Structure formats: structure tokens, C-alpha cells
Amino acid sequence: MAIAAWRLAQRSCPSYLQVISFPVVQLHMNRAAMTASQKDFENAMNQVKLLKKDPGNEVKLKLYALYKQATEGPCNMPKPGVFDLINKAKWDAWNTLGSLPKETARQNYVDLVSSLSSSLESSSQVEPGTDRKSTGYETLMVTSEDGITKITLNRPAKKNAINVEMYHEIMRALKAASKDDSSITVLTGNGDYYSSGNDLTNFTDIPPGGVEEKAKNSAILLREFVGCFIDFPKPLIAVVNGPAVGISVTILGLFDAVYASDRATFHTPFSHLGQSPEGCSSYTFLKIMGPAKATEMLVFGKKLTAGEACAQGLVTAVFPDSTFQKEVWTRLKAFAKLPPNAMRISKEVIRNREKEKLHAVNAEECSVLQERWLSDECMNAVVNFLSRKSKL
Ligand SMILES: CCCC/C=C/CC(=O)SCCNC(=O)CCNC(=O)[C@H](O)C(C)(C)COP(=O)(O)OP(=O)(O)OC[C@H]1O[C@@H](n2cnc3c(N)ncnc32)[C@H](O)[C@@H]1OP(=O)(O)O
């Protein structure tokens, strides 16, 4: 739909630069409204004009939406009619951002342009015959700058639910980050959610071997995924920009620091979903918050506010949403200036004592889950969500 709309746009406006130049003009009109990162934002707008290759319709819609959110706030325009394809696609893209704060939108705009510039630059350096797609990501934005590799979950319309492709891409991004020259690695989300956890449609793609094979493959994938977090060698920091659910919460116990917006919530509704804890949370959460509080979360599905999660030790610090990005990134940039080898070695000393135990817990959790996924309780919960009968 979005692609079709932009194709139509291009028929009357042959250069993609013309299509995306609209927000650039508006930037200058709205100059007075800009605050802290106006310079970065303006630079990003200029970078967009200099792109040598068309970034594609979906990306242009994202840029448009982030620009509008950053400068005007949430979309409160009337929805265009169904036949007004172009404006409807733009409206949909903007409206999807919900109540995302202006500052976050501005930051996300800058990040998107930066990832775009580096991916289009690197693709222009790809040798003939090389698979260009192998360097890119469909479900993530990955940038590296100021000694920080930032991995952004990028399915905002699906609340950054983690589909099978995203599991693989996160593992690939972590492996690349472990070898690049950055000092620290950050995981965050694009849009109003950090992540809504496992994409429940993952359960609908049943292979020829049936649901048993699906459950087995999922357990293998989950074990490998969590294993990457256990073994990640550099300081790994979560920037939790909004609500977090399921696996996106449990793996926080394997991070070295967790910074949260006061809009974030932490929810592990495993019993509601007929499932059981993963991400080593059956071990890490008990250590972090003690058995009583861990049970309330992992067995009874109690949703924590950011403040509660901080009081219980799962979150390192909480910031008001309005200043969240600014405060966190100031702190992270300072961390990234510390001697990288000292940080890596200190993490190794801390983690090595636990590694074997964590891998054993991971293996056991995955094997229990493999059974759980075949239970009526779990299947009913998934069917209820997919048939829109239930939400968390
Ligand atoms: C293979 C390894 C397996 C590891 C296992 C891990 C366990 C877990 O992670 S358990 C947690 C699973 N997650 C959930 O149960 C969350 C389900 N989602 C919801 O309850 C709601 O979507 C929400 C409370 C997160 C948000 O509600 P809201 O009303 O604000 O937005 P929606 O209109 O529902 O969502 C927008 C859009 O996104 C889709 N979506 C959101 N979350 C998921 C998800 N987890 N899986 C699949 N799809 C998701 C939602 O369906 C909407 O899509 P459409 O616009 O196409 O309708």
C-alpha cells in the first residue's frame, strides 16, 4: 500500500528528492520550534538531500513521519479518504508513531538518516557480484558512532514485536558489534514501544513436520538468541524507550545497565500466555529482586512501572520521558570514552563466574518452553490474540 502510493507520487514527481524535499522546506519554517538537537536534525535533513540513491518508498514514509512528529507532534489531522492514496500513506505512517515525544522523533530521524547514509555508502562500495542485502537489516537500524554501536528494533507499527527475522538480525548485529571498534553496545526501540516481545505470528508458520517441529525449531532459535546475550563480550546497555513485554524484559537481566524512560513498563505475562520464563530470568530475576518479587512478575505476570523496576534492581536509572534521550545519551557518550579494554575485561571477570550456570539455565528454560508451546493453554492464548479476542 505504501509502496503503491509512493509510486503514484513519483509519476507526477519523478525525482525522489523532490518527494522528500517537502520536510526540508518545512524545517526552515519551523526553525523557531527546534530545541536541543536542532543542529543534528538540520544536518540530517541536509544529508537526506545529498543521498545519491533512492532509499525506497518505505524509508521515505518513515522519514516523513518522523519529521512531522518531531516538528508538529502526534498526528491529529483528519484521515484522508481511501482514494487519496499518497496522503493516506503519509497519514498512516505519521499516525503509527502515536504519542512518540518530539525529542525522540527527532533523535530517531537523525539515527535513520545516519544508518541510511552508511548503508547507502557501504552499498556503493560493494564489489560487483557481492550480495548487498547481506550488509543491511530489514528489522533493525544499526549505527556506530562516538564509540557506541546502537541497535534499534525497527518494527514500530508492530510495537517492535520480535519476528524470526529480527531474532536472526539481532544475533548478527551483536556478533558484528562484538568485533567492531566501538566500546559499548546499546539496544533500543523505534516508536512508542521498546518491544512487545515475541511476535505471536511466529507460531503460525508451521513447517511440514508439524507443531512439534515448530516447537523444536523455536527452542533452538531461542537458545541461540539468549546465548548471544550471555556471551556478549562488551558492555551491553538497554535504552528502554517505552513498554517492554516478554522476552524483551527477561533478557534485561543479562545486560550490564538498563536505562528507562518513565513511560516504560516491564511485563512478563507468561502464565497468561500458557508459557514459562525464558532469557535466564528464572535465575537472574531471582538474584536481582529476590524470589518473592520475581515470582510476582514471572508467575503472576505483574506489570512493573519503570520506578518499580528500578526499585527492584532490574533497571539502573529512570529518566523523565521529555529528557530521556538527552540524558541517557550524554551518559552513554561519557561511558564510551572510558578505556575499552578495561571495560571489556571487567565485564569478563564479572560474567565468567556465571557463564556456565547461565548457559545451563538457558538450556533448561528452552526445553521446558518447547513442551509449553505444544500445550492447549499456550495455543489458546496465541489463537485468542491472533483472532483479536485478547490483548495484554
Ligand atoms: C522463538 C522464541 C520465542 C520466545 C518467547 C518469548 C515469550 C514472549 O515474548 S511472551 C510476550 C508475547 N507478547 C505479547 O503477548 C504481546 C501481544 N500484544 C499485545 O497484547 C498488544 O499488541 C500490546 C499490548 C503490546 C499493544 O497494544 P496496542 O493496543 O497499543 O497496539 P496493537 O494495536 O495491539 O498493536 C499494533 C500492531 O502490532 C501488532 N503486535 C503487537 N504486539 C505483537 C506481538 N507480540 N506479536 C504479534 N503482533 C503484535 C498488533 O497485532 C497490531 O498489528 P495490526 O496493526 O496488524 O493489527
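Numbers for residues simply follow the sequence, beginning at 1. Every number for a ligand or one of its atoms is a count from 1 in the order of the listing. All values reported here derive from a predicted model rather than from experimental measurement.
By the 4.0 Å heavy-atom criterion, Phe225 is excluded from the residues contacting ligand 1. Using a 4.0 Å cutoff on heavy atoms, Ala219 does not count as a contact of ligand 1. By the 4.0 Å heavy-atom criterion, Asp199 is counted among the residues contacting ligand 1.
Note: an N/O pair closer than 3.5 Å links Leu392 and ligand 1 by distance alone. Of the N or O atoms in Ile247, one or more lie within a sub-3.5 Å distance of an N or O in ligand 1. Here's the thing with Lys158: one of its N/O atoms is less than 3.5 angstrom from an N/O atom of ligand 1. Close N/O approach between Pro269 and ligand 1 is not found [any backbone or side-chain N/O within under 3.5 Å]. Looking at Trp373 next to ligand 1, no N or O pair under 3.5 Å apart turns up. Residue Arg388 has at least one N or O atom closer than 3.5 Å to an N or O atom of ligand 1. Residue Ser196 places at least one N or O, backbone or side chain, under 3.5 Å from an N or O of ligand 1.
Contacts with ligand 1 closer than 4.0 Å are made by side-chain heavy atoms of Phe385 only, the backbone lying farther away. Only the backbone of Ala157 comes within contact range of ligand 1, with a heavy atom under 4.0 Å; no side-chain atom does.
Under the 30°/60° scheme for interplanar angles, the aromatic rings of Trp94 and Tyr64 are found to stand perpendicular. Under the 30°/60° scheme for interplanar angles, the aromatic rings of Phe335 and Tyr259 are found to be tilted.
Apart from Val368 itself, the hydrophobic cluster it occupies contains nothing, where clustering links Ile, Leu, Val, Met, Phe, Trp and Tyr at side-chain heavy-atom distances under 4.5 Å.
Linking Ile, Leu, Val, Met, Phe, Trp and Tyr whenever their side-chain heavy atoms come within less than 4.5 Å leaves Leu222 and Val245 in two separate clusters.
For ligand 1, the atoms closer than 4.0 angstrom to any heavy atom of Ala161 are 43 (C), 44 (C), 45 (N), 46 (N).
Among Val164, Leu273, Asn198, Asn160, the residue whose heavy atom lies closest to atom 10 (S) of ligand 1 is Leu273.
Side chains of Asn154 and Thr152: no donor on one and acceptor on the other come within 3.5 Å. Side-chain contact annotation: Glu42 with Gln38, donor-acceptor N/O pair under 3.5 Å present.
In this structure the side chain of Lys337 never reaches within 4.5 angstrom of the side chain of Asp146, judged on heavy atoms.
Proximity of a side-chain donor or acceptor of Ser271 to a complementary backbone N or O of Val299 within less than 3.5 Å is detected.
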Just distance, no hydrogens or angles: give the donor-acceptor pairs under 3.5 Å from side chains in residues 208-216, sequence neighbours left out.
from: Glu213; atom 1: OE1; to: Gly209; atom 2: N; distance (Å): 2.8
from: Lys214; atom 1: NZ; to: Asn202; atom 2: O; distance (Å): 3.0
from: Lys214; atom 1: NZ; to: Asp205; atom 2: O; distance (Å): 3.3

